[in-house]
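Report on one structure; see the data block that follows.
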Amino acid sequence: MLLDVEFALSEDVRLRPDVCLLLPEKARQLDRKRIPIPGAPDLAIEVISPSERSSESYRKVLSYLKHGVAEVWQIYPESLALEIHKSETRRSLTGDQQVTTDLLPGFSPPLSLFFES
Amino acid sequence: MPTIATMSGAQFDALPYEEGRRWELLEGELIEVPSPTPEHQDIVYAILNALKLYLQEHRSQGAAYADVEFALADHVRLRPDVCVLLAEKARQLDRRRIPIPGAPDLAIEVISPSESLGKIQSYLRHGAAEVWQVYPESRVLEIYKGENGRST
């Protein structure tokens with residue numbers, strides 16, 4: 001577990017979670033003298049300050065998840081709430097992939113249908 | 001969970017309607033929604049059309065709408081580009097009243113890069129089962145499921 005250490009999640013993304021957790025495999029590979037740490041932590045925890053815009057804090061959550069963080073926890077001190085975001089709850093479709101959802105069984109148009117004008 | 005709370009839902013509901021000005025209330029934060037482009041509206045129409053066709057073919061009791069306002073919580077008023085209400089919520093719907101209380105089952109936003117990502121979180125936090133985010137420029141659809149846990 002580390003406090004306030006910077007990660008290079010990709011070429012153009014540098015984030016410093018308030019708290020992060022590296023599981024044994026990543027922890028073993030860690031060069032303790034070098035920052036930013038290349039790659040993503042396994043868990044990133046952000047304590048949300050009252051001045052932070054929800055749009056900005058969620059942008060960070062999405063960035064963590066996109067770059068391989070398994071879980072992101074957001075802590076809201078004022079409302080004593082914890083929100084847990086997991087990477088498997090997010091799916092990305094491109095090109096001609098079929099748009100499907102558990103909500104609408106049998107719904108399966110190709111994504112490109114949405115962009116035909 | 002307002003971070004910057006600038007306005008309550010009641011204050012928002014009392015705002016005068018201003019032609020050409022479109023606002024939403026995101027966790028107490030008043031946000032301006034840009035006027036839609038023709039491209040944006042074409043995509044919204046295509047999605048709505050596909051959904052309505054599906055609902056018709058499956059003789060489903062569900063309903064799909066464009067641009068209808070929801071009161072997701074006291075300090076949240078959001079107007080998804082497209083929304084789907086599944087059978088149960090559609091049955092309970094008062095078709096003459098806005099904002100619709102609660103969350104849609106599916107909220108779909110067609111966004112430009114400048115728009116707020118915070119809306120996804122807000123929809124899921126307040127009970128939407130799924131949020132679809134459509135990126136017109138990259139022609140990508142991102143699907144977010146509301147299984148994220150929250151405890152207080």
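Residue numbering restarts at 1 for every chain, and letters A, B, ... go by the order of the sequence lines.
- Between A/Tyr58 and B/Tyr144, the angle of the ring planes lies from 30° to 60°, which puts this pair in the tilted group.
- Put simply, A/Ile35 and A/Phe7 are part of the same group of oily side chains (I, L, V, M, F, W, Y) that touch within less than 4.5 Å, one to the next.
- The CZ atom of A/Arg91 sits 6.5 Å away from the CD atom of B/Glu130 when rounded to the nearest 0.5 Å.
- Heavy-atom minimum distance, A/Val99 versus B/Trp132: CG1-CH2, 3.5 Å.
- Atom OG1 of A/Thr94 is separated from atom CG of B/Leu141 by 10.0 Å, given to the nearest 0.5 angstrom.
- The 12-atom threshold is not exceeded at CD of B/Gln61, counting heavy atoms of other residues, nucleotides or ligands nearer than 6.0 Å.
- When hydrophobic clusters are built by joining Ile, Leu, Val, Met, Phe, Trp and Tyr residues whose side-chain heavy atoms come closer than 4.5 Å, directly or via intermediates, B/Tyr45 is not grouped with B/Val33.
- Neither the backbone nor the side chain of A/Gln97 comes within contact range of chain B, judged by heavy atoms closer than 4.5 Å.
- Within 6.0 Å of NZ in A/Lys66 there are 12 or fewer heavy atoms belonging to other residues, nucleotides or ligands.
- Chosen from B/Val44, B/Ile47, B/Asn49, B/Asp42, the residue pairing most often with chain A at heavy-atom distances under 4.5 Å is B/Ile47.
- The line from CD1 of B/Ile108 to CZ of A/Phe114 is 6.5 Å long, rounded to the nearest 0.5 Å.
- Exactly one residue among A/Thr89, A/Thr100, A/Leu93 makes a side chain to side chain contact (heavy atoms under 4.5 Å, CB included) with B/Ile143. That residue is A/Leu93.
- Minimum heavy-atom separation, A/Asp102 to B/Lys145: OD2-NZ, 2.9 Å.
- Residues A/Leu113 and B/Ala50 approach most closely at CD2-CB, 4.2 Å, considering heavy atoms.
- Between A/Tyr76 and B/Gln121, the shortest heavy-atom contact is OH-NE2, 3.4 Å.
- Residue-environment remark: CD (B/Gln11) exceeds the threshold of 12 foreign heavy atoms within 6.0 Å.
- Rounded to the nearest 0.5 angstrom, A/Leu104 CG and B/Leu51 CG are separated by 6.5 Å.
- Residues B/Glu142 and A/Leu62 are not in side-chain contact: their nearest non-hydrogen atoms beyond the backbone lie 4.5 Å or more apart.
- When the side chains of ILVMFWY residues are joined at heavy-atom separations under 4.5 Å, either directly or via intervening members, B/Leu106 and B/Leu53 end up in two distinct hydrophobic clusters.
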